[in-house]
Amino acid sequence: MSDLQLKVNGRDVSIASHPSRRLSDVLREELNLRGTKVGCDAGDCGACSVLVDGKVICACLTPVIQVSGQAIETVEGLATDTLSALQNSFLRHGAAQCGICTPGMLMAAVSLLNRNKTPTKIQVEDALGGVLCRCTGYKKIVAAVMDADNSAPSTPLPEAGNAVGAPIERLDGRQKIDGSENFGADFWPKDAYLVRVIRSPFAHAGFEFGNLEDWKNTTSGVEAVITVDDIKGENSFGVIPAFADQPALAQNAARFRGEAVALVVGDADKVSQLNLDDFPVEWNEIQNTMETGSALKKNAQRVHPSRPGNVLTGGKVVCGDVQNALAQAAHVADIAVETGFVEHAYIEPEAGCAWLEGDVLVILACTQAPMMDRDDTAKVLGLEVDKVRIIPSATGGGFGSKLDLSVQPLLGLAVLKTGKPCRMVYSRSESMASTTKRHPAIMSARIGTDSEGHIVGMEFTGDFNTGAYASWGPTVSGRVPVHASGPYRTPNYHANARAIHTNAPPSGAFRGFGVPQAAIVQEMAYDELAQKAGIDRLEFRRINALVDGDKTVCGQQLYGVGILECLDGLTEDWHVANE
Ligand code: FES
């Protein structure tokens with residue numbers, strides 16, 4: 001430990017800290033300046049951007065000793081009683097969506113505006129290039145920086161008032177831009193223990209623990225080690241109760257790389273520094289199945305013994321006589337497409353804390369579904385649902401993945417075992433390894449038209465890799481057949497989709513529940529059909545677009561259909577792009 005002198009937001013501060021401690025940790029843990037966020041701890045996301053002597057740096061990559069004596073500025077220094085002009089511009093433009101990237105964006109923008117009061121769009125984009133945003137698409141952020149002095153707005157905004165399109169200030173806008181918003185990792189009770197997770201290094205492996213009691217007693221700072229034996233309820237959660245199959249902690253075998261098997265709980269400073277490589281567990285790697293194709297082979301090992309053929313479930317939609325329609329079609333496109341995993345990559349890793357209030361377990365965590373979290377967490381812990389209270393923190397991006405449980409039952413186990421408040425934050429690697437992804441898909445389709453380019457029929461099949469556990473696999477396999485024809489009139493139709501288990505991480509919800517994957521097949525086939533029919537590709541879609549009074553492939557009669565207007569809105573740009 002060294003005594004260090006820092007100058008933070010104009011104030012002189014003395015701290016005793018290890019000289020190599022990350023500046024982000026010192027700001028957040030010791031100085032309570034939690035407006036500086038941590039997304040990756042690797043200098044990639046820029047959420048931890050602060051200014052040191054006016055220059056932007058990643059606080060997560062900077063040892064605190066390096067900035068001793070230099071002027072450090074964080075988001076908390078931008079506004080005192082009133083917001084700065086730049087912050088007001090962020091508010092006007094709605095530039096903070098989830099808000100987790102906003103402090104970093106603001107600091108990068110301040111550095112630019114200190115040098116250049118009227119930057120061009122390219123200069124703003126360049127200056128903010130080291131800070132990632134997963135929500136906004138950057139346009140509002142760039143406009144907010146360019147309009148910081150509000151003298152010549154680059155993006156005219158409609159007048160505030162009662163008209164449609166008039167801007168309303170976000171209810172939680174101010175705290176997102178002054179750094180006071182509490183995300184999952186920003187609040188914890190004093191002296192809360194830290195929880196860390198032991199995870200499987202293999203996609204499929206049996207395991208046996210060594211002497212956990214000895215390890216706990218001889219490892220400084222560790223108060224408890226938790227395994228499946230500590231689970232008092234039903235060790236099985238899942239967003240769709242009929243398919244719930246995911247253990248909070250694996251028993252005997254892990255079904256995917258990154259699956260949790262044990263928890264280590266104790267003093268936050270000490271446990272955060274532990275090298276967990278010597279945790280007493282022996283792994284026995286078992287043959288795995290990562291691909292849908294191999295999972296469907298006749299002799300493939302079952303991921304879940306109760307699910308024959310590794311098929312979780314499937315969905316089907318049939319209308320008309322597709323075989324006859326395709327046989328009579330003037331043109332047919334035959335398309336096969338494979339898509340891969342997509343990670344949500346929200347900037348905020350999963351995080352939260354928990355404590356007891358009387359006999360009620362309170363869990364504060366980032367989540368998209370607090371009520372579902374409560375029910376499943378209570379089930380795993382063996383508590384009545386009214387003995388579990390979930391407080392959703394602000395959520396720094398979720399995009400579907402934070403509909404599933406992550407830290408909640410683990411925090412609950414730690415609090416019930418120790419009787420003390422506990423907190424945890426997934427590392428970026430843990431977040432990517434253990435939480436849900438977009439389903440990879442293997443899909444094929446045949447679509448036919450008459451000689452004038454009208455769709456006469458479509459046949460679709462898709463197998464969606466749902467990974468080791470069900471999560472939203474049933475929804476994906478049920479929803480894809482409903483929507484695979486897109487917003488187009490399809491009188492004859494036959495679509496099947498299945499969710500297939502493998503030893504990959506669980507696939508879950510991700511904006512569209514499998515439908516974007518199916519849209520790739522349908523749109524590629526439409527391009528081919530337009531070419532075969534000699535019709536402009538945009539016009540081909542106009543000809544087939546659903547309009548008021550049409551029926552979907554499920555027989556639903558539609559009104560208020562807007563796809564034609566959307567396609568019309570593209571016409572001018574489409575012709576320019578094709579010149
Ligand atoms: Fe930028 Fe959410 S607003 S990551």
Side-chain angles (χ1 to χ4, degrees), residues 24 28 34-50 56 58-60 74-75 78 83 86-112 121 124-148 155 167-186 342-352 365-368 392-403 406 425-428 431-432 435 438 509-511:
S24 49
R28 291 177 52 81
R34 295 179 195 150
T36 298
K37 307 303 178 193
V38 174
C40 66
D41 255 346
D44 289 326
C45 75
C48 64
S49 295
V50 298
V56 187
C58 279
C60 76
T74 71
V75 68
L78 295 185
L83 297 176
L86 175 65
Q87 287 171 308
N88 270 314
S89 186
F90 265 61
L91 210 49
R92 272 200 314 280
H93 283 272
Q97 198 165 316
C98 83
I100 191 81
C101 70
T102 307
M105 287 288 179
L106 286 165
M107 299 320 292
V110 167
S111 175
L112 170 70
K121 184 164 174 266
V124 174
E125 288 171 348
D126 200 33
L128 303 186
V131 188
L132 301 181
C133 178
R134 287 285 287 139
C135 300
T136 63
Y138 299 97
K139 283 193 167 179
K140 289 180 176 181
I141 296 171
V142 171
V145 178
M146 293 179 73
D147 293 350
T155 310
I168 5 173
E169 192 178 302
R170 294 184 75 95
L171 289 177
D172 55 359
R174 183 175 171 119
Q175 52 268 41
K176 285 180 174 170
I177 56 174
D178 68 11
S180 63
E181 183 73 283
N182 273 335
F183 291 88
D186 293 341
V342 184
E343 157 67 28
H344 302 70
Y346 25 79
I347 304 297
E348 180 203 32
E350 292 71 10
C366 54
T367 175
Q368 293 178 258
S393 67
T395 295
F399 318 125
S401 188
K402 288 178 184 169
L403 289 164
S406 59
V425 184
Y426 282 4
S427 68
R428 177 56 54 183
S431 174
M432 288 205 168
T435 62
R438 183 182 289 288
F510 194 163
R511 289 183 171 174

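Remember, it's 1-based here, ligands and their atoms both numbered in the order they're listed. Please read these numbers as outputs of a predicted model, since none were measured by experiment.
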Between Ser406 and Tyr426, does any side-chain donor sit less than 3.5 Å from a side-chain acceptor?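 Tyr426 and Ser406 do not have a side-chain donor-acceptor pair below 3.5 Å.
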Metal site atom 2 (Fe) of ligand 1: N/O/S of Cys135 inside 2.8 Å: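 Short answer: yes, at least one N, O or S atom is under the cut-off.
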Atom 2 (Fe) of ligand 1 to nearest N/O/S of Cys98 less than 2.8 Å: yes
So, does Gly99 sit close enough to ligand 1 that a heavy atom of it is under 4.0 Å from the ligand?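 Right, Gly99 reaches ligand 1.
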dist Lys402:NZ -> His344:NE2 (nearest 0.5 Å) comes out at 10.0 Å
Classify the ring geometry between Phe399 and Phe510 as parallel (under 30°), tilted (30 to 60°) or perpendicular (over 60°). parallel
Q.
Strictly under 2.8 Å, is atom 1 (Fe) of ligand 1 approached by any N, O or S atom of Cys133?
A. yes
Tightest non-hydrogen contact, residues Cys58 and Gly43, listed as SG-CA, 3.9 Å
- Query: Under 3.5 Å, is there a donor-acceptor pair between the side chain of Glu350 and the main chain of Ser431?
  - Reply: no
Open item on the list: Give me the nearest non-hydrogen protein atom to atom 4 (S) of ligand 1 as residue plus atom name, then the distance to 0.1 Å.
Closed with: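 Going by distance alone, atom 4 (S) of ligand 1 is nearest to Arg134 N, 3.2 Å.
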inquiry  = Closer than 4.0 Å to some heavy atom of Cys101 - which atoms of ligand 1 meet that?
reply    =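 Heavy-atom distances to Cys101 below 4.0 Å select 1 (Fe), 3 (S), 4 (S).
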